[in-house]
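These notes are about the structure you will find just below.
Numbered from 1 within each chain, the chains take letters A, B, ... in sequence-line order. Remember, it's a predicted structure, so these values are computed and weren't measured experimentally.
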Protein chains: 2
Amino acid sequence: MSQGNNDVSVEPTQACVAGDAPFTPGQAKACTVREVLDRVGGKWSIGILVAASQGPVRFTELERHVEGISRRMLTLTLRNLERDGLLSRTVYPTVPPKVEYTATPIALELYDSLVALTSWAERHRNAIAEARTAYDRAHGGTA
Amino acid sequence: MSQGNNDVSVEPTQACVAGDAPFTPGQAKACTVREVLDRVGGKWSIGILVAASQGPVRFTELERHVEGISRRMLTLTLRNLERDGLLSRTVYPTVPPKVEYTATPIALELYDSLVALTSWAERHRNAIAEARTAYDRAHGGTA
DNA sequence: CAGTATCCCAGCAGATACTG
DNA sequence: CAGTATCTGCTGGGATACTG
């Protein structure tokens, strides 16, 4: 890979993380990754996002779909996602209220990006688990 | 896109999030995404990972590179990353202690996956910011 | 240099009860 | 059905002081 240089000690030119990554033209934009993670990294964001990416979903459907989630968290995450323009909320002013959440094109793109992470997780799932066990045995187990 | 079906109400067959995503052959593995985010979603994980991906880094170098990080958090994140097999820790038993952290091949692959997220964040940065402002003005601003 | 240990706070998240 | 409100607990994370 293209990481043979160990001159990390050079000033990063930015208060953020490394910006001279192969994917950043000339400026440090890696901070945005954190923003993404902050946004999407919530405990339930992805579950909701994934569910909404399949098509319009109703509140209760989400509640059942994600299952472990509480009402509060569902509402909160929904609001955040909506606020960020990742979900669109459609209210049908019927007698029994009906609200549908749909993933916006932006969210669908993110969902797509998530695939990369997922496949990575899939590939190295066992390796990570083993690394953990090995580490725990080597450190915590000996004490 | 392949999300024309709104039958999300069907049982997900798993206690996790949607598993019938186009990238999962036949089982719900989307939970691993959360594991990844749990692992990498830390406030500093990515900064450290990115820095270590450029080559071996020393403790103090990381401290300066990430800048905002505290000693405690640096150590903690480092430990977690090492535990998960994402970083390898090499100790040089010299008189002034010298420790180098290097990203493992696995971490390098993750770093690669992160690019997708970064580009996504880059692309929709403004859109999200605007969505936020609009939302705040429409909801919180009117009250 | 490379950590560890301690104190402390803020925000995330769970459970539950109430409402339009 | 689709939320909102409240109360509480846990963990992440910041600051600082000490150590091998």
How far does CD of A:E63 sit from OG1 of A:T75, to the nearest 0.5 angstrom? 8.0 Å
Side-chain contact, heavy-atom cut-off 4.5 Å: B:H124 with A:E109? yes
Calculate the interatomic distance between B:R58 atom CZ and C:dA2 atom C1'; express it in whole Å. 9 Å
Taking atom P of D:dA2 as reference, at what distance in whole Å does atom CD of A:E63 sit? 9 Å
Rounded to whole angstroms, how far apart are CG on B:N80 and P on D:dT11? 14 Å
In whole Å, what is the span from the CZ atom of B:R71 to the P atom of D:dT16? 12 Å
Pair partner, C:dG20 [Watson-Crick or wobble, under 3.5 Å]: D:dC1
Does B:K43 put a side-chain nitrogen or oxygen below 4.0 Å from OP1 or OP2 of D:dG14? yes
Closest to side chain of A:M73, choosing from D:dC1, C:dG14, D:dA2: C:dG14
Using a cut-off of strictly less than 4.0 Å, decide whether B:S70 has a side-chain nitrogen or oxygen near OP1 or OP2 of D:dA15. no
Specify the separation, in whole Å, of atom CG of A:L74 and atom C1' of D:dC1. 12 Å
Of B:G42 and A:F59, the one whose nearest nucleotide on DNA chain D sits closer to the 5' end is A:F59
Measuring to OP1 and OP2 of C:dA2, would you say a side-chain N or O of B:T60 lies under 4.0 angstrom away? yes
B:L62 CG to C:dG3 C1': how many Å, rounded? 13 Å
B:R58 and B:Y92, any side-chain heavy atoms less than 4.5 Å apart: no
N/O (side chain, A:Y101) to phosphate O (OP1/OP2, D:dG3) under 4.0 Å: yes
Quickly work out the A:R89 CZ to D:dA2 C1' distance and round it to whole Å. 8 Å
Could you tell me how far apart B:R72 (CZ) and C:dA2 (C1') are, to the nearest whole angstrom? 17 Å
5'-most contact on DNA chain C: B:P97 or B:T75, nearest heavy atom basis? B:P97
I need the B:I106 CD1 to B:L87 CG distance, nearest 0.5 Å. 11.0 Å
What heavy-atom pair brings B:P56 and B:E61 nearest, and what distance separates the two atoms? O-OE1, 4.2 Å
Given D:dG14, is OP1 or OP2 found less than 4.0 Å from the side-chain N or O atoms of B:W44? yes
